[in-house]
Amino acid sequence: DTGVSQNPRHKITKRGQNVTFRCDPISEHNRLYWYRQTLGQGPEFLTYFQNEAQLEKSRLLSDRFSAERPKGSFSTLEIQRTEQGDSAMYLCASSLGWDRGKGNQPQHFGDGTRLSIL
Amino acid sequence: AQRVTQPEKLLSVFKGAPVELKCNYSYSGSPELFWYVQYSRQRLQLLLRHISRESIKGFTADLNKGETSFHLKKPFAQEEDSAMYYCALSGRLTGGGNKLTFGTGTQLKVEL
């Protein structure tokens with residue numbers, strides 16, 4: 001297993017265009033997370049899936065953003081009508097579920113998709 | 001609300017010197033803390049978590065609930081320790097997931 005895989009690595013687009021990113025988690029991981037990281041900041045939580053169910057969304061996720069995980073495996077994050085402020089690194093992470101002995105399992109991150117809005 | 005503060009953007013030490021990367025947190029529940037590291041041109045990866053109480057690559061971190069701190073320490077810095085270090089706090093989400101709240105990171109530079 002190569003770990004969490006994200007595509008594309010870079011995306012450059014004009015303001016107002018729609019973009020879609022893909023994340024393939026580690027195969028046995030049922031939890032999947034999206035984060036956004038801007039320059040000089042740590043990653044910020046966007047949304048969380050357990051299997052195919054989207055269970056939590058941050059207030060950072062405006063109605064222009066939508067995320068799906070249709071079969072509980074890969075996930076997509078779509079941004080409609082992109083704005084300059086959407087320029088950031090979009091990170092995906094996955095993990096196993098809670099373990100009685102170990103508690104919350106650590107999240108494993110992908111390389112991210114860097115979005116640049118012209 | 002949960003918050004993580006890393007006061008130093010950059011920490012520069014000489015090889016062989018002790019290292020301490022500071023992390024303070026704010027959380028109303030029982031905290032679960034992590035240190036993640038990002039080496040140049042690599043992805044973010046878990047370094048250690050407080051629940052494990054183990055030493056990884058010579059690094060240790062002790063959770064101090066009284067001071068709400070989780071500082072990362074290493075007695076003797078190595079050149080390969082140069083990287084960006086993020087402290088993160090885990091918070092519960094609906095359905096049992098855990099949201100990580102990250103600090104702004106500290107860039108550690110180990111000089112020869």
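Chain identifiers are assigned alphabetically (A, B, ...) following the order of the sequence lines, protein sequences preceding nucleic acid strands; residue numbering begins at 1 within each chain.
Rounding to the nearest 0.5 Å gives a distance of 13.0 Å between CZ of B:Arg41 and CG of A:Asp111. The structure places CD of A:Gln41 at 9.0 Å from OH of B:Tyr86, a figure rounded to the nearest 0.5 Å.
With hydrophobic clusters built from ILVMFWY side chains whose heavy atoms lie under 4.5 angstrom apart, B:Leu89 shares a cluster with B:Val37. Cluster membership for B:Leu11 and B:Tyr39, using ILVMFWY side-chain heavy atoms within less than 4.5 angstrom, is shared. Taken together through direct or relayed side-chain contacts under 4.5 Å among Ile, Leu, Val, Met, Phe, Trp and Tyr, B:Tyr27 and B:Phe70 form part of one hydrophobic cluster.
Of all heavy-atom pairs between B:Arg43 and A:Phe109, the closest is CD-O, 3.1 Å. The shortest non-hydrogen separation linking B:Arg49 to A:Pro106 is NH1-CD, 3.5 Å. The minimum heavy-atom distance between B:Tyr36 and A:Gln107, with the atom names listed, is OH-O, 3.0 Å.
The local environment of CD in B:Glu79 is sparse, with at most 12 non-hydrogen atoms from other residues, nucleotides or ligands closer than 6.0 Å. At most 12 non-hydrogen atoms from other residues, nucleotides or ligands lie less than 6.0 angstrom from CZ of B:Phe76. More than 12 non-hydrogen atoms from other residues, nucleotides or ligands lie less than 6.0 angstrom from CD of A:Glu52. Enclosure of atom CG in B:Leu10 by more than 12 non-hydrogen atoms of other residues, nucleotides or ligands within 6.0 angstrom is indicated. The local environment of CD in A:Gln84 is crowded, with over 12 non-hydrogen atoms from other residues, nucleotides or ligands closer than 6.0 Å. Within 6.0 Å of CZ on A:Arg64 lie more than 12 heavy atoms contributed by other residues, nucleotides or ligands.
Looking at B:Leu46, the atoms closer than 4.5 Å to chain A (heavy atoms on both sides) all sit in the side chain, from C-beta outward. Heavy atoms of B:Glu32 lying under 4.5 Å from chain A belong exclusively to its side chain. Neither the backbone nor the side chain of B:Thr101 comes within contact range of chain A; no heavy atom of the residue lies under 4.5 Å from a heavy atom of that chain. Heavy-atom distances place no part of A:Glu44 under 4.5 Å from chain B, backbone and side chain included.
A side-chain donor-acceptor contact under 3.5 Å links A:Tyr35 to the backbone of B:Leu100.
Interface remark: of the candidates A:Ala93, A:Gly42, A:Pro43, A:Pro43 forms the most heavy-atom pairs closer than 4.5 Å to chain B.
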Worked verdict on A:Phe45 versus B:Phe102 for side chain to side chain contact (heavy atoms under 4.5 Å, CB included): CA-CA 9 Å; A:Phe45 170 78; B:Phe102 287 85; over 6 Å; no
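In this structure, a donor-acceptor pair under 3.5 Å is present between the side chains of B:Asn98 and A:Tyr33.
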